[in-house]
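Here's the structure we're looking at; comments come further down.
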There are 2 protein chains.
Amino acid sequence: MSALAFPPRKALPDGFLDQLAAAFGDNLALGEAVRSQHGQSETHFAPILPDAVVFARSTEDVVTLVNLCVAADVPIIPYGAGTSIEGNTLPVQGGVTVDLSRMDAILQVNMEDFDCTVQAGVRREQLNEYLRDQGLFFPIDPGANATLGGMASTRASGTNAVRYGTMREAVLSLRIVTPDGRDVRTARRARKSAAGYDLTRLMIGSEGTLGIITEVTLRLHAIPEAISSAVCSFDSLEGAVDTVVQSIQIGVPLARVEILDDAQMRAVNRWSKLDYPEQTTLFFEFHGSPTYVEEQVRTVEEIAATNGGGQFRWSNLPEERSKLWKARHEAYYAAVNQRPGAIGWATDVCVPISRLAECITQTKADLATSSVPGTILGHVGDGNFHVIFSIDPGAPEEMAQVEALNQRLVDRALAMDGTCTGEHGIGIGKQHCLVEELGEAVDLMRVIKRAIDPKNLFNPGKIFAL
Amino acid sequence: MSALAFPPRKALPDGFLDQLAAAFGDNLALGEAVRSQHGQSETHFAPILPDAVVFARSTEDVVTLVNLCVAADVPIIPYGAGTSIEGNTLPVQGGVTVDLSRMDAILQVNMEDFDCTVQAGVRREQLNEYLRDQGLFFPIDPGANATLGGMASTRASGTNAVRYGTMREAVLSLRIVTPDGRDVRTARRARKSAAGYDLTRLMIGSEGTLGIITEVTLRLHAIPEAISSAVCSFDSLEGAVDTVVQSIQIGVPLARVEILDDAQMRAVNRWSKLDYPEQTTLFFEFHGSPTYVEEQVRTVEEIAATNGGGQFRWSNLPEERSKLWKARHEAYYAAVNQRPGAIGWATDVCVPISRLAECITQTKADLATSSVPGTILGHVGDGNFHVIFSIDPGAPEEMAQVEALNQRLVDRALAMDGTCTGEHGIGIGKQHCLVEELGEAVDLMRVIKRAIDPKNLFNPGKIFAL
C-alpha cells in the first residue's frame with residue numbers, strides 16, 4: 001500500500017473522550033472494529049484509524065461535536081458511505097470521525113419545483129427509490145451508492161453528467177456547520193441567485209475542509225417518457241470518440257455515453273458473464289419522448305456507422321437496461337479482480353474532448369510498458385476517463401510502477417489543458433498534482449482555508465498541507 | 001435619486017496620480033467627462049465619480065495598477081460596459097476605475113470542445129457575431145450588450161437561462177488578478193474538475209470584490225438546426241405560469257420563456273409599435289431539430305390551450321424572431337419611458353416556481369396601491385421576475401414609495417424561500433436584503449473578503465460593508 005508522510009498524530013487531551021461520551025452516549029464508538037471500518041479506503045491507501053467515531057443524529061449534534069473538537073484542538077473528519085477514492089476520509093492526523101450516514105431522512109420533496117432537501121447521509125439509490133412514484137429522479141450517478149453529503153463534498157459526477165451536470169450544478173443549497181460552530185444555509189431554494197458569494201459552490205468539492213455538510217437541497221428531473229440504451233463496438237478509439245463529438249455537435253442530448261477499452265471489455269465479460277466484442281466500446285443512453293429518442297438514436301447510429309462502429313445492441317426494457325448498466329457499474333470490481341486478491345487503484349483525469357482520443361491512446365501505450373494490468377473507462381462526453389489498476393499486494397514494485405504511470409497520466413492531461421481529477425477529488429493522493437495544475441491559485445485556496453478554519457481542524461491534511 | 005450613506009471618501013496620496021501617469025500614459029483619464037461617464041448608473045443611483053480612470057490593455061496593466069493602488073491604499077473598481085443595475089460599479093469610496101472594455105480580443109475558439117477564451121472586455125453580441133460562421137453560439141443573454149467579464153462578475157443570466165444555465169454554468173475558467181497582485185487562472189479548460197476549491201464559482205458573482213477578471217473561458221453551444229419563437233396571451237397569470245410548469249414537467253426543454261404582465265404589454269406595444277393583446281403574455285423560444293421543435297411546439301400549444309392560452313403567434317424566420325425579441329429586450333426602456341423624462345428602477349427577485357404566480361399576483365396588488373407605474377416581466381422558467389418602475393424625478397415622494405414597494409417585494413420573495421436577487425446582484429442597493437436572506441452566512445462571506453482583500457480596496461462597499 002502507498003506510504004505517505006503526515007504530520008505527527010496528536011494525542012487527545014485528557015478528559016476529551018469523557019466529554020464525547022457525555023454528549024453522545026451510545027452514538028460514540030471507541031472500539032477497534034468501528035474505528036477500523038472508518039479508517040479504510042476503497043482503494044490502495046493504507047488504513048489510518050480515527051481516535052473515535054461519533055454517529056451524528058442531527059445538525060445540532062454536529063454543532064456540539066465541532067465546538068468540543070475546536071475547544072480541544074482535535075481534528076474532525078466527516079464520513080458518509082466511505083466510497084471516496086483518493087483517501088478523502090482518512091484521519092491522517094487522528095481525531096474524531098463524524099459519521100453522518102444515520103442522518104438519512106428525506107426532509108422535503110417539492111414536486112412542482114423539481115427539488116428536494118435531504119439529510120447528508122441519504123444515499124442516492126435510496127433517494128431515487130423514494131422519488132420514483134412521483135415521476136422524478138436525481139440524475140447524478142458516480143457508480144457507488146454514495147451519500148448525497150459525500151457526493152457534494154467531493155463534487156461527484158459520473159455517467160449522467162454529460163446531460164445533467166455534476167454536483168456543482170445539481171445542488172441548490174447546503175446546510176453546513178463551520179469551524180466556528182455556526183449552523184448556516186448557503187442559499188435559498190430559488191433556482192438561481194446573484195446574492196453574494198457562491199458559498200454553495202465553495203463548499204462543493206471542498207472535501208470537508210471548510211464546513212461539514214448536514215443537509216443538501218437538490219435539483220431533480222422528470223423521469224423521461226422513454227429511455228433507450230445501446231452498446232456499440234468500434235474499430236478504433238478515434239472512431240468511438242469522434243462519434244460522440246459529432247453527436248454533441250449536431251445537438252443530440254446524450255444522457256449517458258461511456259467508453260470502455262478492449263482490456264476493460266475483457267474484464268467486464270469475464271466478471272459479468274457477458275459476451276460483448278472485446279474492442280473499444282460505447283455504452284449509450286437516450287432520454288426523451290418516444291419520438292425524440294427514436295430521432296436521437298437514428299442520428300447517432302448513422303454517425304457511428306461512418307466512424308467504424310458496428311451494430312447497436314439495444315436494451316429498451318428496464319430489466320435489460322439495468323443489466324447493461326450493472327455491468328458498467330461493476331467495471332471497477334471487474335477490473336481489479338482480474339487478478340485474484342489484487343488491490344485496486346482507480347485514477348481519474350479530464351481533458352478537453354478534442355484531446356481525449358490522443359490522451360487515451362498515449363495512456364494505453366504507456367500501460368503496455370508495465371506489468372500491472374490497467375483498464376480504461378470513462379465519461380467520454382465530458383472528456384473524463386479512469387484507469388483502473390489491479391495490483392498484486394505481494395509485489396511491492398508494482399505500487400511504484402503504478403505511481404509512475406499515474407504521474408505520467410496526470411502530466412499528460414495537464415499538458416493538454418486538462419485537470420488531474422475530473423471527479424475523484426484531491427484527498428491525500430493528488431496534492432502535488434493540484435499544485436502542478438493550478439500553481440499560485442492553490443495559495444488562494446490556502447488563504448481561504450486559513451481564514452475559515454484557522455486551527456486547521458476540519459479534515460486536516462486533505463487537498464493541501466497548510 | 002436614492003441617497004445612501006458611505007464611509008468618507010479618502011484623498012489620494014501625494015504623487016499617486018503621477019505614478020499612474022507614468023505607468024499608463026494616454027490610457028489614464030482624469031477629465032470630468034470620462035470620470036462622469038464611469039460614475040453613472042443605468043438606474044436610479046446618484047452618480048459618484050472616480051478620481052481617475054485607467055483603460056487597461058492587458059492583464060499586466062491590471063497587475064501594475066493593482067500593485068500601485070494597494071501600495072497607496074487607493075480603491076480600485078473594475079468596469080466593463082457599465083450596464084449593471086444595482087450600482088455595482090459606483091466608486092463609493094473614490095479611487096481608480098479600471099475600464100476593461102478595450103481588452104476586447106477573442107483569444108481562442110475551440111470548435112471541437114465547444115469553448116472559447118476571451119478578454120474580459122469582449123461584449124456578448126461581438127462574441128456571437130464572431131461565432132456565427134462556425135455554427136456556435138454563446139447563450140447567456142441578460143438583455144444589455146454587457147462585457148463577458150462584467151457578466152461573470154455579477155453572475156448574469158437572462159432569457160436563455162432556463163435551458164442553458166447562468167454564468168455560473170457557462171464559465172469554465174477565469175484569469176484574475178488578486179489584491180496581492182497575483183495573476184492566476186482559476187481552472188483548466190476541462191469540462192469538469194474536482195481539483196480543489198471552486199475558485200471559478202467563488203469569483204463569479206463576487207462583483208469585483210475578490211479579484212479583477214481579465215480573461216474568461218466559456219462553454220459554447222451548437223446553433224440549433226431549427227429555432228421557433230411564439231407569443232401567446234393568457235386569461236390569467238396562473239394559466240401562464242401553469243403552462244410553463246407543466247411543459248417543464250413533461251420534459252420540454254424550453255429555450256426561452258418570458259412572462260410579461262398586462263402593464264408591460266401596454267408599454268411594449270406603445271414603445272415598439274406592436275399590437276399584441278394587453279394581457280399576461282408568454283414569449284417562447286424552442287431549439288432543436290425541425291422534427292423535435294415541431295414536437296415541442298405541439299406539446300406546449302396543447303398545454304397552453306388547457307390553461308386559458310390564446311392562439312400562438314409564430315415567428316420562424318430570423319427577422320421576425322429578431323423583431324419579437326427586440327421588443328422583449330426593449331421592455332425596460334418601454335416601461336421606464338411610459339412617462340417622459342422618468343428615472344428607471346429595475347428590481348429583481350427569484351422564487352421557487354411553485355410560488356411564482358402567487359408572488360406576482362401579490363406584487364401586482366401592492367403596485368396598485370402606488371401612484372408610480374410599475375410593470376412586471378420575468379424569466380418564468382427560473383421563477384425570476386423584475387418590476388420596472390418609472391419614477392418622476394420631480395416628485396421626491398415617489399422614490400420613497402418605490403423603496404417601500406421594493407422592500408415589500410424582497411420580503412415577499414424571502415418568505416417564499418426565494419432570493420432578493422436572481423440576476424442583478426447586490427451592489428449597493430440590496431445589502432440589507434442579503435443579510436435578511438442569508439443571515440450569518442454573510443459573516444462567512446466577510447471572512448473570505450477580509451482574507452483575500454485585507455485592505456478592503458477591491459470595489460469596497462459592495463455586497464456588504466466590512
Side-chain angles (χ1 to χ4, degrees), chain A residues 110 112-113 154-155 157 161 166 169 178 182 184-186 188-199 201-202 204-206 222 224 245 249 251 289 291-292 295 350-354 382-384 417-426 434 437 440-442 444-445 447-448 451-452 463, chain B residues 110 112-113 154-155 157 161 166 169 178 182 184-186 188-199 201-202 204-206 222 224 245 249 251 289 291-292 295 350-354 382-384 417-426 434 437 440-442 444-445 447-448 451-452 463:
Chain A
N110 303 294
E112 215 178 4
D113 296 319
T154 53
R155 206 181 294 131
S157 47
T166 72
E169 287 78 29
T178 58
R182 287 179 209 250
V184 298
R185 270 181 80 187
T186 57
R188 295 295 188 105
R189 205 161 56 78
R191 220 91 265 250
K192 63 182 196 181
S193 172
Y197 302 164
D198 192 344
L199 297 177
R201 252 47 60 180
L202 179 64
I204 293 171
S206 68
V245 171
Q249 217 139 23
S289 66
T291 325
Y292 187 41
E295 182 188 331
C350 186
V351 297
I353 197 171
S354 63
D382 300 313
N384 180 205
D417 212 359
T419 177
C420 68
T421 171
E423 54 184 26
H424 291 174
I426 298 297
L434 177 65
E437 177 171 334
E440 290 188 87
V442 181
L444 195 55
M445 296 181 197
V447 166
I448 295 166
I452 294 180
I463 303 183
Chain B
N110 303 295
E112 216 177 3
D113 296 319
T154 53
R155 206 180 294 130
S157 49
T166 72
E169 287 79 30
T178 57
R182 288 179 208 249
V184 298
R185 270 181 79 187
T186 57
R188 296 296 189 103
R189 204 159 59 77
R191 223 54 326 213
K192 63 182 197 182
S193 172
Y197 301 163
D198 192 343
L199 296 178
R201 250 50 56 181
L202 180 63
I204 293 171
S206 67
V245 172
Q249 218 140 23
S289 67
T291 325
Y292 187 39
E295 183 187 330
C350 186
V351 296
I353 197 170
S354 63
D382 301 314
N384 180 204
D417 213 358
T419 176
C420 67
T421 171
E423 55 185 26
H424 291 174
I426 298 297
L434 177 65
E437 178 171 334
E440 288 188 86
V442 181
L444 195 55
M445 298 182 196
V447 166
I448 295 166
I452 294 180
I463 301 182

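To find a chain, count down the sequence lines: A is the first, B the second, and so on, and within it residues start at 1. The analysis underlying the following values was restricted to heavy atoms, covering all of them including side chains, and did not include hydrogens, waters or symmetry mates. Since we're looking at a predicted model, the values are computed, not measured.
Scanning for side chain to side chain donor-acceptor pair (under 3.5 Å) contacts around B/Thr154 gives an empty result, with sequence neighbours left out.
Note: A/Arg182 leads A/Arg182, A/His424, A/Glu423 in heavy-atom pairs under 4.5 Å with chain B. Taking chain B as the reference chain and counting heavy-atom pairs below 4.5 Å, the highest number among A/Ala161, A/Ala190, A/Ser157 is found for A/Ala190. When the candidates A/Gly425, A/Gly196, A/Ala451 are compared by the number of heavy-atom contacts under 4.5 Å with chain B, A/Gly196 comes out ahead. Per-residue heavy-atom pair counts under 4.5 Å with chain A were compared for B/Thr178, B/Thr166, B/Thr186, B/Leu444, and the maximum is reached by B/Leu444. The greatest number of non-hydrogen atom pairs below 4.5 Å with chain B, out of A/Ala222, A/Pro352, A/Ser206, is found for A/Pro352.
Only the side chain of B/Leu199 comes within less than 4.5 Å of a heavy atom in chain A; its backbone stays farther off. Within the 4.5 angstrom heavy-atom criterion, only side-chain atoms of B/Asn384, from C-beta onward, approach chain A. If you measure heavy-atom distances from B/Ser193 to chain A, the contacts under 4.5 Å come from both the backbone and the side chain. At a 4.5 Å heavy-atom cutoff, the contact between A/Ile426 and chain B is made by backbone and side-chain atoms alike. Heavy atoms of B/Ile353 lying under 4.5 Å from chain A belong to its backbone as well as its side chain. Residue B/Pro224 does not touch chain A at all, counting heavy-atom pairs closer than 4.5 Å. When heavy atoms are compared at a cutoff of 4.5 Å, B/Arg185 approaches chain A by way of both its backbone and its side chain.
Residues A/Lys192 and B/Asp382 are paired through a salt bridge, judged by an N-O separation under 4.0 Å between the basic side chain and the carboxylate.
Taking both residues in full, the closest heavy atoms of B/Cys420 and A/Ala195 are given as SG-CB, 4.3 Å, listed atom of the first, atom of the second, then distance. The shortest non-hydrogen separation linking A/Arg188 to B/Glu437 is NE-O, 3.0 Å. Of all heavy-atom pairs between A/Glu295 and B/Tyr292, the closest is OE1-N, 3.7 Å. Summarising the geometry of A/Gln249 relative to B/Glu112, their closest heavy-atom pair is NE2-CA, 4.2 Å, with the distance given to 0.1 Å.
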**OP:** I would like to know whether A/Ile448 and B/Leu202 meet side chain to side chain contact (heavy atoms under 4.5 Å, CB included); could you show each step before the answer?
**Re:** CA-CA 11 Å; A/Ile448 295 166; B/Leu202 180 63; 3.6 Å; yes
Original post:
Between A/Ile463 and B/Tyr197, does a side chain to side chain contact (heavy atoms under 4.5 Å, CB included) hold up when you go through it step by step?
Top reply: CA-CA 9 Å; A/Ile463 303 183; B/Tyr197 301 163; 3.6 Å; yes
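Not one N or O on the side chain of B/Arg191 forms a donor-acceptor pair closer than 3.5 Å with the backbone of A/Gly383.
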